[in-house]
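Shown next, in structure tokens, is the structure this report addresses.
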Amino acid sequence: MKVLIVGKGGREHALAWKSKKSPLVSEVFVAPGNAGMTEDATLVALSETDPIALADFAEKEGIDLTIIGPEASLVAGVADEFKRRGLLVWGPDKAAAQIEGSKDFSKKMMVKYGAPTAHSESFTDSEMAKAYVGEIGLPIVIKADGLAAGKGVVIPETMEEALATIDDMLEGNKFGEAGSCILIEEMLVGEEFSLMCFVHNGTVIPMVMAQDHKRAYDNDEGPNTGGMGAYAPTFGADSPEVSEAVAKIMQPIVDGLSSEGMPYTGFLYGGLFRTAEGFKVIEFNARFGDPEAQIILPLLESDLIEIIYNLLTEKPLPEIKWRPQYAIGVVLASEGYPDHPNTGHPLKKLNLNGEDELIFYAGVREENGVLLSDGGRILLNVAIADDFKSAYEKAYRNMKALEVPHTFYRSDIGHKQFNRQ
Ligand code: AMP
Ligand code: GLY
């Protein structure tokens, strides 16, 4: 099979790396990909949000299966175009991708289909929103309805900041269309986890549960980012915790989308809080998490392509096996990320140890044979070991060796796992 991965970040590098391992696969293409993935895939210089160009390429090249990485491609209708042409594609169409693309739609689905979540009210009028906040008081979470690249969520520390945020989102144009509707949400207390599932035709197959670290600096301080590091498993794919989250949250939403005439196909990501009352969902993403993909896929012993292909073509599924190990990944980020990343610095090459130490590249470009930093999140360094502590120590040993000027990383990825053990 020829496989096409759509996207250009670390998640897509991990998808390409894992696809290439499949005995079913002869060639892996990534559109547009990045200069750090050329050992694992052939790069195709096409935009990830151009459905026509991508589908034309798939037809011309005889691509047998396309896997869509980022939400921007889903919302742009890449899956719709591929399906219209009868091309096999893994990823939801525009309608089902609203589960991520619109927080308002997503919240309504959670409420209608009984997935436990934070209480929330939606507003398009700033005066009404401000009056509501005056009534309920802090703490609250304010969210822009649409996609805002991880910047659409504010947890105000003062009433003043809350009122200014409402004005900013509903009156200002910093968020464009994404900010024409906002949600004011109850603040949940608990630990945060990410659960990814394979979903097709109402079937929901959970992966190992992971934990991301979204704030830029140690101790969960600093601005929100796309994710600074992650590890898995926090709970195994067949644990009671994962079963609870699937039964209460993932399956009801998948069934709900089907009954609304928007059947879901692809990776489905639940952003979960483990509260005193059990798991609650704060968001769904219509895709694999990044950096979660880079630590979960190396733990998947089974053939990713066989799972996806058999799901899509309704063939019996292979047994889904996980390596009985821990994976941890730490992001090397450009100084100034997420607001003003300082890029263009040459990166070091490490001699890594096969399957247990991996680097997935994100924001990089190549100049005269040298890889340079070219984005906020440069790469994710992954280490795998039989016990969590060894994985952690190996990952941080490699981080030290990778360090270059004008970059930073968090030094506490996975600390909560030490406390949980
Ligand atoms: P999001 O952009 O939706 O991923 O949200 C960013 C972060 O805000 C999440 O990862 C949570 O840490 C936090 N957050 C969002 N909603 C809530 C909530 N209702 N209660 C507490 N924290 C929240
Ligand atoms: N790691 C969080 C996300 O992919 O949204």
Side-chain angles (χ1 to χ4, degrees), residues 7 9-12 14-15 69-72 74 97 99-107 110-111 115-122 136 138-157 165 169 175 178-179 182-196 207 209-216 219-232 266-277 279-297 329-331 333 338 360 362 376-377 380 410 413 416:
R11 166 184 49 212
E12 288 74 25
L15 285 166
E71 64 274 28
L74 301 165
I99 201 70
E100 169 168 7
S102 164
K103 288 190 160 55
D104 184 44
F105 170 80
S106 182
K107 183 64 77 170
M110 294 170 197
V111 173
T117 182
H119 178 78
S120 152
E121 300 281 339
S122 299
I136 61 166
L138 301 187
I140 51 163
V141 184
I142 307 178
K143 300 185 173 183
D145 171 48
L147 292 176
K151 296 192 180 110
V153 175
V154 176
I155 303 180
E157 276 168 21
T165 301
M169 287 189 179
F175 294 92
I182 63 168
L183 283 78
I184 295 177
E185 197 164 289
E186 164 201 3
M187 182 153 143
L188 295 180
V189 180
E191 207 180 333
E192 213 172 333
F193 296 95
S194 328
L195 178 62
M196 251 68 49
M207 304 189 197
M209 207 184 276
Q211 186 163 60
D212 189 14
H213 298 67
K214 288 194 174 167
R215 300 295 200 99
N219 302 317
D220 293 328
E221 284 169 16
N224 245 318
T225 71
M228 294 297 293
Y231 66 97
F267 299 116
L268 181 63
Y269 171 132
L272 311 177
F273 260 77
R274 195 178 190 207
T275 72
E277 294 138 38
F279 283 105
K280 293 190 178 183
V281 60
I282 52 161
E283 63 167 351
F284 287 106
N285 292 322
R287 52 178 174 79
F288 222 128
D290 183 340
E292 287 92 335
Q294 297 93 304
I295 49 131
I296 291 177
L297 289 171
V330 184
V331 168
F360 294 115
R377 291 193 290 182
L380 188 83
R410 273 183 65 159
I413 301 301
K416 290 193 181 123

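Residue numbers count from 1 along this sequence. Counting starts at 1 for both ligands and their atoms, in listed order. Computed from a predicted structure; not experimentally measured. Heavy atoms only: backbone and side chains are in, while hydrogens, waters and symmetry mates are out.
- Of all the heavy atoms of Met187, the ones lying under 4.0 Å from any atom of ligand 1 are found in both the backbone and the side chain.
- With hydrogens and angles disregarded, no donor-acceptor distance shorter than 3.5 Å links the side chain of Arg287 to the backbone of Ala97.
- Scanning Val141, Val153, Asn285 for the heavy atom closest to atom 5 (O) of ligand 1 points to Val153.
- Residue contacts with ligand 1 for Glu186 involve N, CA, C or O but no side-chain atom from C-beta outward (heavy atoms, distance under 4.0 Å).
- Close approach of ligand 1 to Lys143 (heavy-atom distance below 4.0 Å) involves ligand atoms 15 (C), 16 (N).
- Proximity of a side-chain donor or acceptor of Arg11 to a complementary backbone N or O of Phe288 within less than 3.5 Å is detected.
- Without hydrogens or angle criteria, Glu100 side chain to Ala286 main chain gives a donor-acceptor distance under 3.5 Å.
- Close contacts of ligand 1 with Lys214, meaning ligand atoms under 4.0 Å from a residue heavy atom, involve 4 (O), 10 (O).
- Judged by distance alone, with hydrogens and angles left aside, the side-chain atoms of Ser122 form no donor-acceptor pair with the main-chain N or O of Asp104 at under 3.5 Å.
- If you check each of Glu100, Glu185, Lys103 against atom 19 (N) of ligand 1, the one with the closest non-hydrogen atom is Glu185.
- Donor-acceptor pairing under 3.5 Å is recorded for the side chains of Lys107 and Thr117.
- For the pairing with Ser106, the side chain to side chain contact (heavy atoms under 4.5 Å, CB included) check across Val111, Leu183, Ile99, Val281 returns one residue only, Ile99.
- Contacts of ligand 2 (protein heavy-atom distance under 4.0 Å) are Asp212, Lys214, Gly226, Tyr269, Asn285, Arg287, Gly289, Asp290, Pro291, Glu292.
- Shown in contact with Ala118 at under 4.0 Å from a heavy atom are these atoms of ligand 1, numbered in order with element: 19 (N).
- Taking the six-membered ring for Trp and thresholds of 30 and 60 degrees, Phe193 and Phe279 have ring planes more than 60 degrees apart, a perpendicular arrangement.
- Atoms of ligand 1 lying under 4.0 Å from any heavy atom of Phe273, numbered from 1 in the order shown and given with element: 21 (C), 22 (N).
- Nearest residue to atom 13 (C) of ligand 1 from Ile155, Thr275, Thr225, Asp212 is Ile155 (criterion: closest heavy atom).
- The heavy atom nearest to atom 11 (C) of ligand 1, out of those in Lys280, His119, Glu192, is found in Glu192.
- Every residue two or more places apart in sequence or in another chain that forms a salt bridge (charged side-chain N to carboxylate O under 4.0 Å, His left out) with Glu191 is listed here: Arg420.
- Ligand 1 has an N or O atom lying under 3.5 Å from an N or O atom of Leu188, backbone or side chain.
- Arg410 pairs by the side-chain hydrogen bond (donor to acceptor under 3.5 Å, both in side chains) definition with Asp220, Asp412, not counting sequence neighbours.
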query: Does the pair Ser102 and Asp145 meet the rule for a side chain to side chain donor-acceptor pair (under 3.5 Å), with working shown?
result: CA-CA 5 Å; Ser102 164; Asp145 171 48; 3.0 Å; yes

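- In this view, Lys103 satisfies the salt bridge (charged side-chain N to carboxylate O under 4.0 Å, His left out) rule with no residue, not counting sequence neighbours.
- Residue contact check: Asn224 has heavy atoms under 4.0 Å from atoms 6 (C), 7 (C) of ligand 1.
- Counting only distance, with no hydrogens or angles, the side chain of Arg377 and the backbone of Gly227 share a donor-acceptor pair below 3.5 Å.
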